[in-house]
**Student:** 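I have a structure I would like to understand better, so I am pasting it below and will then ask my questions one at a time.
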Amino acid sequence: MLPLKKAATRSRVRRPVGRCVVGGTLFVVLAFVFLASAAGEGYGEGVDLGDSKAEVLAKVCPGPDSCYYLAAGQELLEGDLLTPENHWILNLWPPGGAVVSSLYLVVGKSGVPLPLVVGLFAITAWTAVLYLWFQFLYSRVGFGLATGAVLMVALGQPMRKWYLAEGLFYADSVSVILFLGALLALLVPRGENVRNFRRGGAAAGLLLAAAAYVRVPFELAALVLSLAAALLAGFELLRSFLRGPRRLRPRIVGQSRLSPSAHALLACVVVFHLATIPWRFVAAEVVRPGDFRWSVASVCCWYPGWMPSEYLYAQGSGWLVEGTFNTPCRVEPDRCADIFAAEVASGTPYAGLVHTNGEFASLTMDALAHHPIRWTEIKLKAAARFWFDAEEVETLQLLENGMLLVLLFFVAAGGSRRLGALGVGAYLLVLAAAIAALGPGYIFHFEERYFFPLKSAIPLLGVLVFPWERLTSLQHRLVPPSGEARERKS
């Protein structure tokens, strides 16, 4: 018995060491990506690694959305975020981005370079979530596949180009970290203990709510997930009633007719909506009286569709053309020209004097209804271009995005069956996030970063649903073990 005890003791000692090695390796890899960005194109708008808070604000503002995140964080520190002058920020974005930016700015006051502060925070957070994913995947698919999956995220295009690079001061990195945490919380519970699934679902709901406080699309993802949860629960209840009294034996303890995954999903959406109630009431009371919507960004998202490409480029908004925002003008150029002429004749184009925002919305949907094929063709071409990043075509990048596309196919085709055994809520959450991120792009516009949450989740889920066992059986058939080869020769 003595040797067994010694072996057990050694295994317990090695586990903390192994965890430190894995976590340390992930931290070093992410730090390398972060520093490589500093040596390359920097962190957007000419921001360098050693810039102070004042230098960062001077370079970024006025400019992209990252400027307004930092400005909102500064207003929050000064106690002025809820003043009428800043209501336009809170109409577009919930306060989570401002809270995160305020934490950056507080540390940045000590004289530490602000990009270094934000980078260390992002690296640490990414290391934590990827380490938790490694632990989970290691128990399911083994060391090699688990390592490959987390390294695909750590070294992937979203991390190299956005999370630790140009998008360092955006809120995307924090929101995707929380989203991956919610996804993992839905996958971890095992067995048929309903309490474990409910706890996992509740944790996922809190993390998803935190992601929604930072980025608006995750609130839309939660709404889609709520619909999916209601449909799943209704389907399971209907199926249990239709089976008849002989087959109404409870599947789990507690006489429940719902599967554990349904319990987790319902707990997730209930906790999410409870966690988002405070901001809805604050917004309806202070920011936009009587309006409980999470964001009113759609108010400003219709009239650019009826701006000609030349006009948008002249206004410095060429990114809207590249993202196919003005698709209505492309499918109905004659009507677009008439609208543009009328708007210019008014003296203040697109200010609501000639056409209201509601009228632009009706015109847009009418254009989609009359030209669905042409509209879809334009959107699919843009989506493919953004997925493969056609502006910087490299062999390695094409291989990476092609592999992600293959894994996406297996997640979409086989995920419902394979992930169903682990937790159908995770599969539905990824589907809801994809709809929330890409669905509005079909109506409005795409940006490359809209694809990054999906690209970050695909490698982690892909190793779970990819039919590795079929490849292994095929390998055994093509290359039989040496013993079987000798028997065949004899």
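Note that this is a predicted model, so its numbers are computed, not measured. These numbers come from the heavy atoms of this one structure, side chains and all, not from hydrogens, waters or symmetry mates. FYI, the numbering just counts along the sequence from 1.
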**Student:** Please find out if less than 6.0 Å separates the ring center of Tyr69 from that of Trp93.
**Tutor:** yes

**Student:** Any sub-3.5 Å donor-acceptor pair from Arg330's side-chain atoms to Arg374's backbone N or O?
**Tutor:** no

**Student:** Just so I know, are the side chains of Val22 and Val150 near enough to count as touching, which here means a heavy-atom distance under 4.5 Å?
**Tutor:** no

**Student:** If only atom types and distance count, is the side chain of Lys379 paired as donor or acceptor with the main-chain N or O of Phe446 below 3.5 Å?
**Tutor:** no

**Student:** Applying side chain to side chain contact (heavy atoms under 4.5 Å, CB included) to Arg449 and Tyr170, what does each step give before you reach the verdict?
**Tutor:** CA-CA 11 Å; Arg449 61 187 176 123; Tyr170 285 70; 3.6 Å; yes

**Student:** Considering only heavy atoms from C-beta outward, does the side chain of Leu30 approach that of Tyr163 to under 4.5 Å?
**Tutor:** no

**Student:** Give the C-alpha distance, both sets of side-chain angles, the deciding distance and a yes or no for side chain to side chain contact (heavy atoms under 4.5 Å, CB included) between Leu363 and Arg335.
**Tutor:** CA-CA 10 Å; Leu363 290 170; Arg335 180 184 288 186; 3.4 Å; yes

**Student:** Hey, what's the ring geometry for Tyr138 with Phe134, parallel, tilted or perpendicular (30° and 60° as the breaks)?
**Tutor:** parallel

**Student:** Using a 4.5 Å cut-off on heavy atoms from C-beta on, say whether the side chain of Trp279 contacts that of Val282.
**Tutor:** yes

**Student:** Roughly how far, to the nearest 0.5 Å, is CD of Glu166 from CG of Leu168?
**Tutor:** 11.0 Å

**Student:** Do other residues, nucleotides or ligands put more than 12 heavy atoms under 6.0 Å from Arg288 CZ?
**Tutor:** yes

**Student:** Indicate whether the side chain of Asn91 and that of His87 have a donor and an acceptor atom separated by less than 3.5 Å.
**Tutor:** no

**Student:** Is there a donor-acceptor contact under 3.5 Å from the side chain of Glu236 to the main chain of Leu258?
**Tutor:** no

**Student:** When you measure from the side chain of Ser102 to the backbone of Val99, do you find a donor-acceptor pair of N or O atoms at a distance under 3.5 Å?
**Tutor:** yes

**Student:** Has the side chain of His370 got a donor or acceptor atom that lies under 3.5 Å from a matching backbone atom of Asp366?
**Tutor:** yes

**Student:** Checking Phe179 now: which residues fulfil ring pair (Phe, Tyr, Trp, His ring centres under 6.0 Å) with it, not counting sequence neighbours?
**Tutor:** Phe218

**Student:** Do the ring centers of Phe281 and Phe292 come within less than 6.0 Å of each other?
**Tutor:** yes

**Student:** Kindly say whether Val269 contributes a backbone atom to a donor-acceptor pair with the side chain of Ser226 at under 3.5 angstrom?
**Tutor:** no

**Student:** Can you name the closest pair of heavy atoms from Leu208 and Ala182 and give their distance?
**Tutor:** N-CB, 4.0 Å

**Student:** Have Trp162 and Ser173 got a donor and an acceptor in their side chains that come within less than 3.5 Å?
**Tutor:** no

**Student:** Are the side chains of Ile443 and Leu368 in contact, using a 4.5 Å heavy-atom criterion?
**Tutor:** yes

**Student:** Checking side chain to side chain contact (heavy atoms under 4.5 Å, CB included) for the pair Trp126/Leu180: CA distance, chi angles, key distance, verdict?
**Tutor:** CA-CA 10 Å; Trp126 273 109; Leu180 293 179; 3.7 Å; yes

**Student:** To check you understand the geometry: which heavy-atom pair defines the closest contact between Ala185 and Ala203, and what is its length?
**Tutor:** CB-CB, 4.2 Å

**Student:** Walk me through whether Tyr442 and Thr376 qualify under side-chain hydrogen bond (donor to acceptor under 3.5 Å, both in side chains).
**Tutor:** CA-CA 8 Å; Tyr442 183 77; Thr376 303; 2.7 Å; yes

**Student:** Would you say Leu184 and Leu207 make side-chain contact, with heavy atoms under 4.5 Å?
**Tutor:** no

**Student:** Please determine whether the number of non-hydrogen atoms from other residues, nucleotides or ligands lying under 6.0 Å from atom CD of Glu447 exceeds 12.
**Tutor:** yes

**Student:** Decide yes or no on side chain to side chain contact (heavy atoms under 4.5 Å, CB included) for Thr364 and Trp306, but give the supporting numbers first.
**Tutor:** CA-CA 8 Å; Thr364 300; Trp306 294 97; 3.1 Å; yes

**Student:** Could you check whether Tyr104 and Phe121 have their ring centres less than 6.0 Å apart?
**Tutor:** yes

**Student:** Can a donor-acceptor pair be found, under 3.5 Å and without considering hydrogens, that links the side chain of Ser295 to the backbone of Leu92?
**Tutor:** yes

**Student:** Find the distance between CD1 (Ile277) and CZ (Arg280) and round it off to the nearest 0.5 Å.
**Tutor:** 8.5 Å

**Student:** Between Trp302 and Glu359, is there a side-chain heavy-atom distance shorter than 4.5 Å?
**Tutor:** no

**Student:** State, to 0.1 Å, how close Pro440 and Leu220 come at their nearest heavy-atom pair, and which atoms those are.
**Tutor:** CG-CD2, 3.8 Å

**Student:** So do Val176 and Phe452 actually touch side chain to side chain, heavy atoms under 4.5 Å?
**Tutor:** no

**Student:** Looking at Leu266 and Ala233, what are the two nearest heavy atoms and their distance?
**Tutor:** CD1-CB, 4.1 Å

**Student:** Mind checking the CD1-CG spacing from Ile378 to Asn326? Nearest 0.5 Å is all I need.
**Tutor:** 8.5 Å

**Student:** Should the pair His445 and Trp319 be assigned to parallel (<30°), tilted (30 to 60°) or perpendicular (>60°) ring geometry?
**Tutor:** perpendicular

**Student:** Answer yes or no: is there a donor N or O on one side and an acceptor on the other, between the side chain of Ser259 and the main chain of Ala262, under 3.5 Å?
**Tutor:** yes

**Student:** Just verifying a value: how many Å separate Thr83 OG1 and Glu75 CD, rounded to the nearest 0.5 Å?
**Tutor:** 6.0 Å

**Student:** Work out which heavy atom in Leu137 is nearest to a heavy atom in Ala149; give both atom names and the distance.
**Tutor:** CD1-CB, 3.8 Å

**Student:** Measure across Val463 and Leu460 and return the closest heavy-atom pair with its distance rounded to 0.1 Å.
**Tutor:** CG2-O, 3.4 Å

**Student:** Going from OH on Tyr131 to CG on Leu26, what distance comes out if it is rounded to the nearest 0.5 angstrom?
**Tutor:** 9.5 Å

**Student:** Within the 4.5 Å heavy-atom criterion, are Trp133 and Leu187 side-chain neighbours or not?
**Tutor:** yes

**Student:** Would you say the ring centers of Tyr213 and Trp294 fall short of 6.0 Å from each other?
**Tutor:** yes

**Student:** First locate atom OG of Ser456, then atom CG of Asp172, and finally report the distance between them rounded to the nearest 0.5 Å.
**Tutor:** 10.0 Å

